[in-house]
2 protein chains.
Amino acid sequence: MGFAENFKALSDPVRREILVLLKKGRLSAGEIGSHFDMTGATISYHLNILKKAELIFENREKNYIYYELNTSVVEEVMLWLAQLKGENNDAEKE
Amino acid sequence: MGFAENFKALSDPVRREILVLLKKGRLSAGEIGSHFDMTGATISYHLNILKKAELIFENREKNYIYYELNTSVVEEVMLWLAQLKGENNDAEKE
DNA sequence: TCTGTATTTAGATATTTTTCTAAATATTAT
DNA sequence: ATAATATTTAGAAAAATATCTAAATACAGA
């Protein structure tokens, strides 16, 4: 909730890579973890940060927890950046 | 240079506010500092991080150092995010 | 119910980041 | 050259973040 969390979540390379992995489709926590040289606990920590920022959401199924990308928040961040790029140049008014 | 630096630079609320201030036009380090309840040294630290990420550039003039927004890097970050939003949905091919 | 697998939580440690104070540098003006 | 102002740099302290190990939880299958 809030930009602060979104940007913080995006600021870590591991978390960005997780998002890229999820671009191709949902993955379980374990599958995500197998892409990194880190303990499952650490991956869980990162997933939780992404979840709190609503960049991903989870889906419990059987013995697994699947994670999926939530693109709507990505959009919000882009909007903030777009405004920054926006009407900053004195020359091009309005 | 590189996404890591860009995202890290954007992850701090003080630095984001500095960028927003610069949207309206260039400001000296002192003018930027006066918007925050922090020492000049701390502001200088943040400006340096933004500078290294090439989100701003400086312009020395007289006794002052003026800072300006560099929107081209903002664009790069947006591009990364756009790709994340991109072809992630199984349904909408291509 | 017991065992095994997937994942998270708790607590500790290590690393990184943010902030401060004090000193250094640079530039202007007298 | 000296004094004043603007800003940065250095070094230390405080705060936040990332990582690990070990234990806890949740669920599935025998």
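A note on names: the letters A, B, ... follow the listed sequences, proteins ahead of strands, and every chain is numbered from 1.
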*Asks:* For A/E58 and C/dA6, what is the distance between atoms CD and P respectively, to the nearest whole Å?
*Replies:* 17 Å
*Asks:* Whole angstroms only, please: what is the CD1-P distance between B/I32 and D/dA6?
*Replies:* 14 Å
*Asks:* Calculate the interatomic distance between A/K52 atom NZ and C/dT9 atom C1'; express it in whole Å.
*Replies:* 12 Å
*Asks:* Measuring only between side-chain heavy atoms, which start at C-beta, is A/L10 closer than 4.5 Å to B/L81?
*Replies:* yes
*Asks:* Using every non-hydrogen atom in the two residues, find where A/L22 and A/L27 come nearest and quote the distance to one decimal.
*Replies:* CD2-N, 3.8 Å
*Asks:* So, using side-chain contact (heavy atoms from CB on, under 4.5 Å) as the criterion, who are the partners of B/Y64 when residues are at least two apart?
*Replies:* B/S28, B/K62, B/Y66
*Asks:* I want to check something: taking the side chain as every heavy atom from C-beta on, are B/E54 and B/E5 in contact at a cut-off of under 4.5 Å?
*Replies:* no
*Asks:* So A/Y67, base contact, sugar-phosphate only, or nothing? Heavy-atom distance under 4.0 Å.
*Replies:* sugar-phosphate
*Asks:* So B/W80 and A/R16, side-chain contact (heavy atoms from CB on, under 4.5 Å) or not? Walk me through it.
*Replies:* CA-CA 10 Å; B/W80 189 90; A/R16 283 199 304 278; 3.7 Å; yes
*Asks:* Looking only at heavy atoms, what is the nearest atom pair of A/L19 and A/I56, with distance?
*Replies:* CD2-CG2, 3.7 Å
*Asks:* To the nearest angstrom, how far is B/I43 atom CD1 from C/dT21 atom P?
*Replies:* 13 Å
*Asks:* Quickly work out the B/L50 CG to C/dT17 C1' distance and round it to whole Å.
*Replies:* 14 Å
*Asks:* Going by heavy atoms in the side chains, are B/D12 and A/F7 under 4.5 Å from each other?
*Replies:* no
*Asks:* What is the distance, rounded to the nearest whole Å, between atom OH of B/Y66 and atom C1' of D/dT8?
*Replies:* 17 Å
*Asks:* Could you check if a side-chain atom of B/I65 sits within less than 4.5 angstrom of a side-chain atom of B/N59, using non-hydrogen atoms only?
*Replies:* no
*Asks:* Taking OP1 and OP2 of C/dT7, is either one under 4.0 Å from a side-chain nitrogen or oxygen of A/S28?
*Replies:* yes
*Asks:* Which letter, B, S or -, goes with each nucleotide of nucleotides 18-25 of chain D from 5' to 3', with contact meaning a protein heavy atom under 4.0 Å?
*Replies:* BBBB----
*Asks:* In whole angstrom, what separates A/L47's CG from C/dT8's P?
*Replies:* 6 Å
*Asks:* Are the side chains of A/M38 and A/V14 in contact, using a 4.5 Å heavy-atom criterion?
*Replies:* yes
*Asks:* Without decimals, in angstroms, what is the distance between B/N48 CG and D/dT8 C1'?
*Replies:* 9 Å
*Asks:* Output one letter per nucleotide in nucleotides 25-30 of chain C: B when a protein non-hydrogen atom lies under 4.0 Å from the base, S when only the sugar-phosphate is that close, - when neither is.
*Replies:* --BS--
